[in-house]
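Written out below as structure tokens is the structure these notes cover.
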Amino acid sequence: MDRRTFLNNIGLTVGGAAAATTMPVIGPSVAQAAVAPKGNIPSTPLKMGHMTFLTGPAAVLGEPSLKGHLLAAEEINAAGGILGKRKIETISADEQAGTDANVKELRRMKLSEKIDLFTGVISSGNTPALGPVAEELSLLTIFVDGCTDFLWDKAVPNPKYTFRITNIQSADGVTCALAAAQTWPKAKKIAHIHPDYSYGRNAFDHFMIAYSKLVPGAQVVSEGWPKLGTTDFTAHITKTISSQPDLIVSSVWGGDYVALYKQALRYGMFKDAKFASTIAFGVAPHAIGKDHPEGAIAGVHSNYYFTFPPGNRWPANKTFVEKYFKRWNEYPNFQSDGAYHTLYMYKTAIEKANRLVGGWPDEEAIISQLEGMYYETAAGYLYIRPDNHQGYKDAVTGFSKNVAEYPFQILDPATMITIPIRNITAPPNWPKPGQGHNDPTATYNWIKETWPQVT
Amino acid sequence: MTIFIIQVLNSLFYAASLFLIAAGLSLIYGVMRIVNLAHGTFYALGAYVSAWAVGTAFGHAGGGGWHLMGQLLLLPIGAIAIAAVGAVIEPTLLRPLYRRPEEYLLLITFGLLMVLEDSMKLIFGGTPLSAGTIMDAMGSIPIGRLLYPTYNLVVMAVGLGAAIGLWWFIYRTRFGVILRATSQDRRMAAALGLNVSRVYIQAFAIGCFMAGLGGAVVVPAQAAVLGMGVDALILAFVVVVVGGLGSLEGAFIGALIVSFVRTAGIQFFPEIELAVLYLIAAAVLLVRPTGLFGRA
Amino acid sequence: MLEVNAIDTFRGPAHILHGVSLSVGAKEVVCLVGRNGAGKTTIIESIMGFLPLKAGRIVFHGEDLTGMPPHERAKRGIGFSPEDCGVFPELTVGENLMISRWLGEKAAQRGNGSARTDPETQAYDVFPEVKALLQRQGLHLSGGQRKMVAVARAMMLSPSLLLLDEAFEGLAPVVVNRFTEAVMKIKALGVSILMAESHLGAASRIGDRLYAIDRGEIIFHGPPKDALANQDVVKALRG
Amino acid sequence: MALLETVNLKRYFGETRAVDNVSLTIDEGEFVSVVGPNGAGKTSLCNVVSGNLMAESGQIMFKGVDVTHATAPERVKAGIARSFQLVNLFDDLTAFDNVSLAIFSRDDKTRNLAKLAHLDEAVSAEADGILGQFGLAAKRNELARDLAQGERKLLDVALAYALRPKLLFLDEPTSGVSTRDKGQIMDTIAAVVRRDRLTAVIIEHDMDVVFKYSDRIVVMHQGAVLAQGTPDAIRTNEQVALILLGSSGPDAFSRKE
Amino acid sequence: MNPAAHTEVSVTRTSIAAVAILIGLAVLPYVIDIYQVQLLTYGLIFAIAALGFNLLLGSTGLLSFGHSAYFGVGAYTVAFMVRDLGTVSMELCIIGGVIGTTIIAALFGYVCVRYTRIFFGILTLALSQVIWSLAFKFFWVTGGTDGIRVPGRGMTLLAGLIDFKGSGAFQKFVFSYYYYVLVIFAVVAALMWVIVHSPFGMALKAIRDNEVRARFVGLSVRRYRWFAFIISGAFTGLAGALWVPLNGLTTPDILYWPFSGEIVFMTVLGGFRTFTGPIVGAIAFNYLKTYAVASSAYWQLVLGVVLVVLVLVLPNGIIGTAQQLFRKLRRH
């Protein structure tokens, strides 16, 4: 099979054609709130715990999450609360305190503060720690991010109370690899710079397995593993340049990425090599300067970028961006979208459950509504797979470009790449690590076993 | 070859800031026998103050010429501010403890570390601050077919200048003699008419100034982020442990060793770049527990 | 010139000095004699200001020193050579001397120093040996050299009173003679000396007046010949 | 039989000859005093013999065994105990615990960490006995730091004594205490030493004490042994009188009487 | 100060007080909610660590700034046993954890006790950071920053007698584990109390007070310090082993040097010159930190201010100060 055919089969499209095709016309979901709730609804407030990076270098990724959450909460409260009665109260927690502290804080939120929903969380180091705790506590949890495959592969193999709505982590590396193979199929010498923890390892593994299927002869010529929170990348950059790569791949994110690209510019790292990142533009959009190199694959964690889908084709995005900008005077990132729609999906699940059983639904009822939910978000349709509670939507990435309308660099909506997520993720019931294979993730094994080697 | 030169330059660049931190740490220990756990935080604070000063005065208006000059001149504000902070902290928080076992001094600097870390969060917020406009304005110079940021050379010059200046200051000036005399025999120094309290304030302030300067010169190249102080402290510790606590030469050589080992680690052992540093420190400790230039 | 008035001093919990009073006049050599641990060093350190007084007063040139930090006392013209000499080991002898030289200038400006021309010449005059040692590190001095440097350094302050703690201890007899000579020279320069000495013989040869200390109390005070004749003093000093 | 023998023992500090070729023999059961002016090397000799300082050259034989390179604790175990001129106690322990500790250590019971110290009745009884002998029974529960100077001196000796040494090296046990207490302290020490037939070497300035208690007197000067002999022989040695008193004559030592 | 109270150890009185406190602690879970039970369990575990730590600081006079290493080695040993050997018995895990820690403490201690004072502190700190960097960097062994998960409800207590399956497993686990830890704590505290008051403990205090004289009553100072170091490390390692299943995972955070600082903090907070000080300090610190983290993003500031004030105003800690006040009151 040749590369073009394969990419076509997998559904990779450039320029947003996919968004148009996957867009059945449904009325806005807000309309459902008008239906009067059934039965007796208590008027006590609903308590939510939202944990995200409020400080540290990751705050540029985390603050938008809390902002998205708060915006949704404010809107819902202004409309009288969920089922018209229960208003939302949010306790926020700083994810920067460290995994151990986060675990303690989650327990405190449930056991002491008696929260009804736990949400947020960015670091993929944290969800595998927090997921089992949430299950232990029987606490309904919708992670916005913390997208590691490991959560469902190993940590919580049979989730009951935990959900997650951003795209799964393996999609990051795979999306980036497919986009790179589509764009620069001749790049064989690959240099890597990844943060030294599970996210970076995951990105490295999945990029390489997918890319080597599509580009025969691809090889790793350099590896750099800076510690999360590194501020001096000069030695990593020099090493990368010294390997004379065709393509540089990175999953460094947040404040670290800003430091990395600025230092790399001064060393001329982008001069001779192409650059592809899984998550470069995942930060709050304004954190990226106009000096960022143009034409790089600047991923958004394969989730959402505020310029796409364009408002003329997808009103939900247009409305969301406007509301968000009006409230916070900045543009949303994928965390904002995730946190915002998490609350609306939760609300929708409650409303549906209420119509079925009346009164305030118990958690079982809410969970059964969330499972299999198909929801219209700013990023397109989101589907929650019932077996693993993972949210799926089309994987997205794009190319950096300076335009006059924004004081920062954006992803060019005209050249956005989308891939149907089901085509790059292991199907349900594919063996998980430890079940007959020891590959890093089920998806890795699935790609390794089933994808053809293109010629 | 070009790569080799650039990696050497990178190491020297890294060594410069590391030296500034470690020299201050060593100086304070040498004169006052205080192991200042808040020292890395002083470095971070210096970075924040400088970035804030540059950002406030010039905004993001890059550009060269006078703007650049002004920004460069503003940078040392971080160092001066931290020296002032040190001059306040020594007499108020540390002096009451000189009569107590040294454990208390260690603990109070640990408390100070926590207070200052969060104060930075409180004052400067969670978003990194940068003075990158300086770097951009200074551009890069070509080395072979590659580029090297001009500003990094400035940092090296500052580091080297500080090393020479400090050496000259300590070994060639009146105050240096007084400083060394006080560090060796505080009582006798007093008996000869030295105001030891004042010398202590000055020494602590100079140590803080060095840390602040380290932060100030680094901030255009990187950024001021929360947590940078705790990381810096532990690296400065590796430097003084390798070089010898209380020794200026030790801080200098130690900073070079640590930076070159780090660069070599990144270049050749990317999987364990960090562990290499600590293993080196542990190895030196096993062979020469007082460090290369230290005295027990 | 110096008046010590009924001072009580503690070292930690131990009560060392009990109501000690003494005085030193202008151009006078006064010796404190007593056994090890009798309290001689404690008296000297009290005068220098290293130990706080629990009671009593110390007056120097009519000024109350009580509660004044040591460096202020030094600036007022009190030179000090401690028992261990206190030579800074990692400074050169030259640097050791310079420190008090600089501060001596200030003392001279205050007018409390004895009116002399140049403390440097005079210090070298007392111990010309020191001149040859200027480049040497304090660490590498012999016991005798160290004592010389310590006294010369104290002289650089242009003091009007010199406190010498066990200046002769551990010196060979020849060197002891050299020091006796030096003390006389210093006295001739118009500087008063208060020195602690455990050897009655040596003290009586040098001192104009003598205080005998035992268990933190002055048990005798008067001219040396009276001390030698006083059985209580002799006994207290021997044991 | 010689209990302790030093052969050409040497220890310099730079140019100071603290211990200079000292060859000395102490016989079993002797009470020997070491005298000499300040800086004569008495304390240094004590330090070298007890293991506080290592000899540069020479040899130390104890009970016929070479202990020149033994550590201080090893010498203690062999039977050399010492007191200190400047009182050297465990200030934060009580008088009782100070003595008990010495007994525990002597009996190798300090390795025991599974039994309460105060439940060891044998040790408690012995410690109380020793405190009694040294007249410190009433101060049993006082912290060492709170004792008076004379009591601290006694406790220092008691600590050495509690080790049941063969050789007791006492460095100026009466320095820094009042004349009145001095006699009492020496009487106490002498009584204990005599009764247990201990070999004792005592560094002392008070010639009254020295003459009264010693079997033999060793005079040191500038790190070397200047003279040694019976109290009578030393009393009449003019060179010694000159060194110690700065004056000589037939009655030099008794003049003060 | 009443000197009699200082040394004369009344076994009966101490036992009565201890039993009374233990009964109180045993009844507590029926009064307070499960979250508080869980917090208290953390507190008791830290108390064990602080007790171990204080054998060095309080009794031997050595300030270690690297005790995170022993806590962490205990924790990681358990995590390895659970993950790689499939161990589920908590007792086996404890034994493994303590053995692992003892080996490391013996190794590090041998190097460290050559020095005292600040050099000792720095040496312990540097060595602990070696362990941290290994845990951090050897991703494929330790899981890097992700750490290793050891869910408590997967463990069994008392040689398999108690296990946790089905719904509410976590609550059941916390409840049982509290008693499990309480019993171990009681045993360990009693053990430490005996050690501190044994001839060995007396020898340590003697060395702390006066190293020179200790040598001259026949104590090989360095060997005693080394033994103290090993025992101290082993106790702290035990705490680390107990902590893992309660926390549910272990990460390099507990090996990083600020955690060593927290152990010192706890001990000084309670008062390192008393036996009970570290226990009270650890429990108090755990509450303090938990509520500071929960109530403010500036929790470090809160802790820092507490520490600074503590050092300046109450250097004897909670228990030390309480004792002083008590004595003053009795005198009047």
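Quick caveat: nothing in here was measured; it's all calculated off a predicted structure. All chains are named by letter (A, B, ...) in the order of the sequence lines, taking the proteins before the strands, and each is independently numbered beginning at 1.
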Could you tell me which portion of D:Ala162 (side chain, backbone, both or neither) has an atom closer than 4.5 angstrom to a non-hydrogen atom of chain E? neither

Ranked by heavy-atom pairs below 4.5 Å to chain E, first place among D:Asp108, D:Leu113, D:Val76 goes to D:Leu113

Between D:Leu116 and E:Trp193, is there a side-chain heavy-atom distance shorter than 4.5 Å? yes

Rounded to the nearest 0.5 Å, how far apart are CE of E:Met202 and OG1 of D:Thr110? 10.5 Å

Please look at E:Ile231 and chain D and tell me whether the side chain, the backbone, both or neither of the residue comes under 4.5 angstrom of a heavy atom of that chain. side chain

Flag the pair D:Asp92 / E:Lys205 as yes when at least one side-chain heavy-atom distance between them is below 4.5 Å, and no otherwise. no

Residue D:Arg197 excluded, over 12 heavy atoms near CZ under 6.0 Å: no

Please classify the contact of D:Asn52 with chain E as side chain, backbone, both or neither, using a heavy-atom distance under 4.5 Å. both

Interchain contact, D:Asn98 with chain E, by part (heavy-atom threshold 4.5 Å): neither

Kindly say whether D:Asn88 contributes a backbone atom to a donor-acceptor pair with the side chain of E:Arg213 at under 3.5 angstrom? yes

For chain E, the option from D:Ser100, D:Ala102, D:Ser50 that forms the most heavy-atom pairs under 4.5 Å: D:Ser50

Please classify the contact of E:Phe227 with chain D as side chain, backbone, both or neither, using a heavy-atom distance under 4.5 Å. neither

Heavy-atom pairs under 4.5 Å with chain D: which of E:Ala214, E:Gly201, E:Ala206 has the most? E:Ala206

Side chains of D:Asp91 and E:Asn210: any donor to acceptor distance under 3.5 Å? no

Is it the side chain or the backbone of D:Lys115 that comes within 4.5 Å of chain E heavy atoms, both, or neither? backbone

Side chains of D:Phe84 and E:Val212 in contact at under 4.5 Å (non-hydrogen atoms): yes

Check each atom of D:Ala114 against the heavy atoms of chain E and say whether the ones under 4.5 Å are side chain, backbone, both or neither. backbone

Okay, side chain of D:Asn112, backbone of E:Pro199: is any donor-acceptor separation there less than 3.5 Å? no

Straight-line distance of E:Tyr224 OH to D:Ser105 OG, nearest 0.5 Å: 6.0 Å

Could you check whether atom NZ of D:Lys77 has more than 12 heavy atoms from other residues, nucleotides or ligands sitting under 6.0 Å from it? yes

D:Leu163 portion near chain E, given a 4.5 angstrom heavy-atom threshold: side chain

Heavy-atom contact with chain E under 4.5 Å, split by part of D:Thr71: neither

Mind checking whether E:Val217 and D:Leu159 have side chains closer than 4.5 Å, heavy atoms only? yes

Distance (rounded to the nearest 0.5 Å) between D:His118 NE2 and E:Ser198 OG: 10.5 Å

